[in-house]
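Encoded as structure tokens, the structure appears first; notes follow it.
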Amino acid sequence: MLRGSCECGAVRYQVEDAFGYAMNCHCSRCRAATGSAFKAFAGIEREKLEVTQGADGLLVHGEPDLNDTRCGVCGSLLFSVVRDGAYVHVALGSLVDPPTIRPTRHIYVGSKAAWYEITDDLPQNDEL
């Protein structure tokens with residue numbers, strides 16, 4: 001199990017180190033959600049993630065089956081619920097422990113930030 005946390009430590013979670021995929025998303029929504037050039041995330045079935053502390057203080061932006069879930073105290077993005085609620089996209093920056101998976105591609109580079117240059121050799125998709 002991997003541990004995850006927000007910046008202030010009010011919310012903690014654990015997730016299996018069994019991610020199915022990992023990517024860097026450059027879409028405008030992910031850029032706005034993270035305040036960064038892209039969102040590095042890893043996808044896993046929703047039931048494999050458990051909030052172990054601070055569940056009552058979560059800030060959920062969106063619907064139960066499609067949302068960004070943040071710490072309600074410091075605002076850190078922890079994960080996004082996606083794919084009709086079946087999966088979560090864990091923000092890799094919120095993990096305390098290093099996962100075995102690494103991002104394998106850049107997605108939505110057709111709408112990436114004009115000021116950011118991708119300098120690695122990962123495949124790039126204009127959309128998903």
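Along the sequence shown, residues carry numbers from 1. Owing to the predicted nature of the structure, the values given are computational and were not obtained by experimental measurement.
- Here OG of Ser36 is found 9.5 Å from CG of Asn24. Values are rounded to the nearest 0.5 Å.
- Taken together through direct or relayed side-chain contacts under 4.5 Å among Ile, Leu, Val, Met, Phe, Trp and Tyr, Tyr87 and Ile107 form part of one hydrophobic cluster.
- Aromatic ring orientation, His106 versus His26: tilted (interplanar angle from 30° to 60°).
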Q | Criterion side chain to side chain contact (heavy atoms under 4.5 Å, CB included) on Leu77 and Lys39, from CA distance to verdict | A | CA-CA 10 Å; Leu77 177 63; Lys39 173 182 167 183; 4.2 Å; yes
Q | Residue pair Leu58, Leu78: steps toward the side chain to side chain contact (heavy atoms under 4.5 Å, CB included) verdict | A | CA-CA 10 Å; Leu58 291 174; Leu78 301 167; 4.1 Å; yes
Q) Could you walk me through whether Val15 and Ile44 pass the side chain to side chain contact (heavy atoms under 4.5 Å, CB included) check? A) CA-CA 9 Å; Val15 63; Ile44 194 165; 3.9 Å; yes
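- Using a 3.5 Å distance cut-off with no hydrogens or angles, the side chains of Arg105 and Asn125 do pair a donor with an acceptor.
- Considering Glu50, Arg3, Lys48 as possible partners of Gln14, the one that fulfils the side-chain hydrogen bond (donor to acceptor under 3.5 Å, both in side chains) test is Glu50.
- Here the side chain of Asp68 pairs no donor or acceptor atom with the backbone of Phe79 at under 3.5 angstrom.
- Taking the side chain as every heavy atom from C-beta outward, Arg12 and Ser5 approach each other to under 4.5 Å.
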Q: Might you work through the side chain to side chain contact (heavy atoms under 4.5 Å, CB included) test for Val90 and Leu95, ending with a clear yes or no?
A: CA-CA 8 Å; Val90 174; Leu95 287 172; 4.2 Å; yes
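- Val109 belongs to a hydrophobic cluster with Phe38, Trp115, Tyr116, Ile118, counting contacts under 4.5 Å between side-chain heavy atoms of Ile, Leu, Val, Met, Phe, Trp and Tyr, direct or through other members.
- Taking CG of Asp65 as the reference point, atom CZ of Arg83 lies at 13.0 Å (rounded to 0.5 Å).
- Side-chain N or O atoms of Arg31 include one that pairs as donor or acceptor with a backbone N or O of Ser111 at under 3.5 Å.
- Within a 6.0 Å sphere centred on CD of Glu47, heavy atoms belonging to other residues, nucleotides or ligands number more than 12.
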Q.
As a quick check of understanding, evaluate side chain to side chain donor-acceptor pair (under 3.5 Å) for Tyr13 and Ser94, giving each step before the final call.
A. CA-CA 10 Å; Tyr13 68 89; Ser94 72; 2.6 Å; yes
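- Glu117 is listed as a side-chain neighbour of Thr119, based on a closest heavy-atom distance under 4.5 Å.
- At most 12 heavy atoms of other shown residues, nucleotides or ligands fall within 6.0 angstrom of atom CG in Asp84.
- Other residues, nucleotides and ligands place no more than 12 heavy atoms under 6.0 Å from the CD atom of Glu7.
- More than 12 heavy atoms of other shown residues, nucleotides or ligands fall within 6.0 angstrom of atom CZ in Arg46.
- A donor-acceptor pair is defined here as one N or O able to donate and one able to accept, closer than 3.5 Å; such a pair exists between the side chain of Gln53 and the backbone of Gly9.
- With hydrophobic clusters built from ILVMFWY side chains whose heavy atoms lie under 4.5 angstrom apart, Leu122 does not share a cluster with Leu128.
- Leu2 places none of its side-chain heavy atoms less than 4.5 Å from the side chain of Pro98.
- Clustering ILVMFWY residues whenever any of their side-chain heavy atoms sit less than 4.5 angstrom apart, transitively, puts Val81 in the very cluster that holds Val11.
- The residues Lys112 and Asp126 are annotated as not salt-bridged, no charged nitrogen and carboxylate oxygen being separated by less than 4.0 angstrom.
- Remark: the backbone N or O of Gly75 is paired with a side-chain donor or acceptor of Arg70 at under 3.5 angstrom.
- Side chains of Cys25 and Phe41 form a contact here, defined as non-hydrogen atoms less than 4.5 Å apart.
- Hydrophobic clustering (ILVMFWY, side-chain heavy atoms < 4.5 Å, transitive): Phe19 and Leu49 are in one cluster.
- In this structure the side chain of Val88 never reaches within 4.5 angstrom of the side chain of Ser80, judged on heavy atoms.
- Taking each heavy atom of Met1 and Asp97 in turn, the nearest pair found is O-OD2, 4.3 Å.
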